[in-house]
2 protein chains.
Amino acid sequence: MPAINEGRMGLNSDGEKGDTRRGRETGTLGKLMALVDHVALADGPMRFTDILSLSDQPRGTLHRQLSHLVEEGLLEVDRDGRYRLGIRLLNLASRSWARNEFRAVAEPHLRHLQELTGETVHLGVLRGSEVIYLDKVEGRQSVRMYSQIGNASPAYCTGVGKAALSALDDLDLAGRIAALEFRAYTAHTHRNAARLLADIVEIRVRGYAFDREEHESGICCVAAPIRADDGGMLAGVSVTGPAYRVTSQKLQQWAPLVVAAADSIMTDMRNRLGPKR
Amino acid sequence: MPAINEGRMGLNSDGEKGDTRRGRETGTLGKLMALVDHVALADGPMRFTDILSLSDQPRGTLHRQLSHLVEEGLLEVDRDGRYRLGIRLLNLASRSWARNEFRAVAEPHLRHLQELTGETVHLGVLRGSEVIYLDKVEGRQSVRMYSQIGNASPAYCTGVGKAALSALDDLDLAGRIAALEFRAYTAHTHRNAARLLADIVEIRVRGYAFDREEHESGICCVAAPIRADDGGMLAGVSVTGPAYRVTSQKLQQWAPLVVAAADSIMTDMRNRLGPKR
DNA sequence: AAATTTCGTTCCAAATAATGGAACTAGAGA
DNA sequence: TCTCTAGTTCCATTATTTGGAACGAAATTT
């Protein structure tokens, strides 16, 4: 009832989608998606009251909002009244994935890169200051191939993420870095903006990024940036493997291959988009 | 590289009750999700005007709605102004999938069933009159393992779908059948409610369902129903393979294995849910 | 090159849907 | 039985969405 949003509108210099969670000017949808987020980020199914405590809204309002979300299939509720993400999301995502032309164009190149190196290849896109993995190609794949696709990881401590960040212009980069919270996933994780920036400067010079156990202990990778040019979208490819097998020399040796794959993907994208523009 | 099972998915992406597309009482969210549906069902990216012609709304209104959807990441727009599904959906779906306890409980059983039969095993849940595939285990898996997961297929001509339908009570079954549109995917597809009902009666007696090239030529399967009991949810497991390899005798021989797997999954689910209820 | 049509975007009074307080029901415990 | 907590429904008030109209920019035509 109070005029909550007095001041926020005008000054909103949101050129970027740095998802600050506060600046969302999306009215009703924003409120509803915030609820979906709460459910998505929780460890398990949530009861009505759990959600109530996270979203300071009156019970009546929350109840209607959740009902609408359930009705639309974005959430599901079991007979114990516990809410979880709805299966419609899986269905929509599967369409989104199947029809993603960037992914489709990249796929053969990922596979080729996988064959050249024998290690796992990832394709991820930058969204805000996170990387979302779009595809993954493993060699003698273990069972859970599906696992990584759709996952989000912080851009500042992953190979794909840093590669993508390095392709931003300085202004945009500064904006996204400002939105970061540095967290020490491992002993090698960058702890502040200065270290990250230094790394990114190197990456720009070299043309590729390393991740030496910055996100996960025992996991290293080389990655190269892709300017997808489609919607100003930035992405990256990487070759990833366990540190005991993937030595620094191997990473160095693979770097040109990764860069070549990234370049091929860019070229193919441009060709597919046609001589337009 | 080949998208093996590229869906011919239903016209009707929304399940739940008799989805008259008009009766959605979900206010603003309903209107917005209808737009998402339009984009999801289109063959490719859509221009503003394409969507405008499908959704009879004023240009100004549509523009704001699409902006909100883009802002929230449910849709994306490239610099040519073409809309497609947003990558946030992939991220949400990946969480939804990873945390789905039903899927997690079923997984070892699917794997076991795959080893016993050597053919592909599917897990799907019933949503409205469609089946959405939750998991898939292939033997020497080819590349596109991901493909089927999240896909929707009509319940009336798939093994998993018919098995799940057979576990409904008569009233509910009648309701869902009434909502069906029969389409002849192959020469063996049921063409009307009577044939389908007769099949379902047999399935109830036997305890398992066959699909002999009803949805896709050259593809057969045996499936058993799972009463997930979680939210009144119904599901099914199936073993699927090419007709030249999967003979009628084999299907018969596998039937008890499939039923056993379904039963094990049910038991595990009940145990995990605890002695509650 | 000017004129016209199409496409996309912005604005604001009017219409509509969301809000939030309160009243109500159902279960669980004491 | 009574009380407490969890969840659901109701309805006047308020905020958000709506839709027409007007605007700017491209593309197409004259």
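Nothing here was measured: the structure is a model prediction, and the numbers come from that model. The chains referred to below are lettered A, B, ... by the order of the sequence lines, with proteins before strands, and numbering in each begins at 1.
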What's the CG-P distance between B:Leu62 and C:dG8, to the nearest Å? 10 Å
Nearest whole Å is fine: how far is C:dG8 P from B:Arg79 CZ? 17 Å
For the side chain of A:Arg99 and the backbone of B:Ala40, is there at least one donor-acceptor N/O pair under 3.5 Å apart? yes
Between NE2 of B:His68 and P of C:dT10 the distance, given in whole Å, is 12 Å
Can you tell me how far apart CD1 (A:Ile87) and CZ (B:Arg103) are? Round to the nearest 0.5 Å. 11.5 Å
A:Arg204, CZ: over 12 other non-hydrogen atoms inside 6.0 angstrom: yes
Output the rounded distance in Å from CG (A:Leu29) to P (D:dT18). 11 Å
Just N and O in the side chain of B:Thr28: are any of them under 4.0 Å from OP1 or OP2 of C:dA18? yes
What residue among A:Asp169, A:Leu171, A:Ile177 forms side-chain contact (heavy atoms from CB on, under 4.5 Å) with A:Leu173? A:Ile177
Using nucleotides 20-27 of chain D, report all nitrogen or oxygen pairs with the protein that are shorter than 3.5 Å.
none

Can you find a side chain N or O atom of A:Arg47 that sits less than 4.0 Å from OP1 or OP2 on D:dA6? no
Check B:Asp78 with B:Arg84, please: is the shortest side-chain N to carboxylate O separation under 4.0 Å? yes
Round to the nearest Å and state the distance from A:Leu32 atom CG to C:dA18 atom C1'. 10 Å
Phosphate oxygens OP1/OP2 of D:dT18: is one of them under 4.0 Å from a side-chain N or O of B:Gln65? yes
Check the pair A:Glu71, B:Thr26 against side chain to side chain donor-acceptor pair (under 3.5 Å), reporting the backbone distance first and the verdict last. CA-CA 7 Å; A:Glu71 184 93 9; B:Thr26 44; over 6 Å; no
Can you check whether A:Thr49 has a side-chain N or O nearer than 4.0 Å to OP1 or OP2 of D:dT5? no
Below the 4.0 Å mark, does D:dT8 have OP1 or OP2 next to a side-chain nitrogen or oxygen of A:His63? yes
Rounded to whole angstroms, how far apart are CE on B:Met46 and C1' on C:dG8? 16 Å
B:Arg183 backbone acceptor or donor facing B:Tyr156 side chain under 3.5 Å: yes
Given 3.5 Å as the limit, does a donor-acceptor pair link the side chain of B:Asn91 with the main chain of A:Gly150, or not? yes
Angle between terminal axes - the helix from C:dG8-D:dC23 to C:dA30-D:dT1, 5 pairs each end, rounded to 10°: 40°
When rounded to the nearest 0.5 Å, the distance separating CD1 of B:Ile51 from CZ of B:Arg59 is 14.5 Å
In this structure, how many angstroms lie between the P atom of C:dA18 and the CD atom of A:Gln57, rounded? 13 Å
Whole-Å gap separating P (D:dT17) and CG (B:Leu35): 13 Å
Nearest heavy atom decides the nucleotide; on that basis, is B:Lys31 or A:Arg64 closer to the 5' end of DNA chain D? A:Arg64
